[in-house]
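This report concerns only the one structure given below.
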Amino acid sequence: MKNTIFRPTIFSILYLFLFSLSSMSGAGVEVRKFSAPEQERRYHKLVDEIRCLVCQNQNLADSNSQLALDLRNKIFTMVKSNKTNQQVIDYMVERYGEFVLYNPPLDPVTSFLWLPPFILLFAGTIILLINIRNRNKAKPVELSDADHARSQKLLEDKDNNS
Amino acid sequence: MLRYLIPLGLFVILVIFLAIGLQNDPRYVPSPLIDKPAPDFSLPRLFSPTTTFGPTQLKGKVWILNTWTSDCVGCRQEHPYLLELSKMKQINLIGLNYRDSNILAINLLKKHGNPYQVVVTDQDGSVGIDYGVYAVPETFIIDKTGIIRFKHIGPLLPDEINKTVLPLIKKLNEETG
């Protein structure tokens, strides 16, 4: 009895989770009217990619803060007046710095962020190759006549015991 | 031996980086506006909304721009120190009342004292955006040529005032504008 109640609950929770995931990227609570679907696409891309500095682990689309709302409005007007994505991004970076970008460009400072994974991959590959080569080169251990005789004796003993 | 020392060494380096990272305040985001011209504005004054005020009226002077609201805790915390600061010589303290109600702002200054030479009202927050304001109170110091030389995020407390603000203002006042 307990089980029949429990199962549907688990499934409904999973379903809720599924739906919450699907609506996440389309956030930005306000109703916006765009003259072209292309503008709407760009608007959603931009509010997804720009960080809200008030609640730092949220993007502009997810944040409820006043500043996020102001910046969404700003992006909306900029997109409507046909500013390019780059112009909007430059506008934000000029004021808040590159920290607002969830997808920071590769430059001397951010290279510390971008390069280590590739360096680690490269170093790992080299170490792996060296290990494989050493293993192939390693010669099998040579047994002396005494060793052979001893192993022979051990095998015979085993046969006798069983 | 080496095969144990290398991972240990890497681990120690990682711990050092993490320890340094823990010392940093994630709320403090360095402003890209340092050493850039202070964005221009022309905003209504809090105490006489029909007249406007802007940075052009301060050309040739070293000035402090302090962003605040009547409902912000950090602003109340720094308020007495701003009052003290405003009594000193060669201090031009300008208040930017950010996204606030004029009545509440005026009431607060009447009740607790007004440290500002001029207070301007940024009701739609657009000048705040130009200055990259994201956590009131924020304080900027602007030199004689209109360049932002310093930004402080959070309440401006005596330690910061004595160690950084006053020496910097002294230095900037000696520069030729």
Side-chain angles (χ1 to χ4, degrees), chain A residues 46-47 50-60 63-78 81 83 87-102 104-105 107-110 112-113 115-117 119-121 123-124 126-128 130-131 134-135, chain B residues 2-3 6-7 9-11 13-14 16-18 20-21 24-41 65 67-74 96-101 122-138 140 147-148 151 153-154:
Chain A
L46 286 164
V47 294
I50 295 174
R51 184 193 303 273
C52 170
L53 281 172
V54 180
C55 5
Q56 293 185 350
N57 289 328
Q58 287 190 310
N59 57 18
L60 288 183
S63 174
N64 289 325
S65 74
Q66 181 65 57
L67 181 67
L69 174 64
D70 286 352
L71 292 180
R72 284 200 297 268
N73 287 335
K74 187 75 207 178
I75 292 176
F76 178 64
T77 43
M78 285 180 89
S81 57
K83 293 269 193 298
Q87 278 171 315
V88 175
I89 286 172
D90 288 346
Y91 179 91
M92 294 299 162
V93 170
E94 260 171 43
R95 285 159 180 76
Y96 301 100
E98 267 173 6
F99 183 64
V100 291
L101 303 178
Y102 266 114
D107 65 26
V109 177
T110 56
F112 286 96
L113 203 66
L115 294 182
I119 294 171
L120 285 179
L121 182 68
I126 298 277
I127 291 170
L128 185 69
I130 290 173
N131 273 342
N134 286 347
R135 194 164 297 172
Chain B
L2 195 67
R3 76 184 304 155
I6 290 177
L10 289 175
F11 177 71
I13 292 174
L14 185 70
I16 292 173
F17 269 96
L18 291 177
I20 295 171
N24 288 338
D25 179 6
R27 303 288 309 162
Y28 180 76
V29 180
S31 173
L33 287 162
I34 301 290
D35 292 331
K36 301 259 167 62
D40 198 17
F41 59 79
L65 182 72
T67 59
W68 66 285
T69 64
S70 57
D71 57 359
C72 122
V73 180
L96 182 93
N97 189 230
Y98 176 73
R99 274 197 157 280
D100 202 358
S101 123
D122 181 24
Q123 284 192 331
D124 65 356
S126 59
V127 172
I129 291 179
D130 280 341
Y131 278 80
V133 172
Y134 65 90
V136 227
E138 289 184 17
F140 300 83
I147 307 288
I148 297 178
K151 179 187 182 184
I153 296 163

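What's counted below: heavy atoms across the whole structure, side chains too, no hydrogens, waters or symmetry copies. Everything numeric in this text was worked out from a predicted model, so none of it was measured. Labels below follow one simple rule: chain letters A, B, ... track the order of the sequence lines, proteins then strands, and each chain is numbered from 1.
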For this session: Would you please test B:Trp68 and B:Leu96 for side-chain contact (heavy atoms from CB on, under 4.5 Å) and show each step?
Result: CA-CA 6 Å; B:Trp68 66 285; B:Leu96 182 93; 5.7 Å; no
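The most heavy-atom pairs under 4.5 Å with chain A, out of B:Gly132, B:Gly128, B:Ser31, come from B:Gly132. Of the listed residues (A:Cys52, A:Ser65, A:Gly97), the one with the most heavy-atom contacts under 4.5 Å to chain B is A:Gly97.
The closest donor-acceptor contact from the side chain of A:Asn73 to the backbone of A:Thr77 lies at 3.5 Å or more, if one exists at all. The backbone N or O of B:Pro39 sits nowhere less than 3.5 Å from a side-chain atom of B:Asp130 that would complete a donor-acceptor pair.
Only the side chain of A:Phe99 comes within contact range of chain B, judged by heavy atoms closer than 4.5 Å. With a 4.5 angstrom heavy-atom cutoff, A:Glu98 does not touch chain B via any of its atoms. Residue A:Val100: no heavy atom, backbone or side chain, is found under 4.5 Å from chain B.
From B:Tyr131, atom OH reaches atom CD of B:Glu138 across 12.5 Å, with rounding to the nearest 0.5 Å.
Geometrically, A:Arg72 does not engage A:Phe76 in a cation-pi contact, judged by NZ or CZ lying under 6.0 Å from the ring centre and within 45° of the ring axis.
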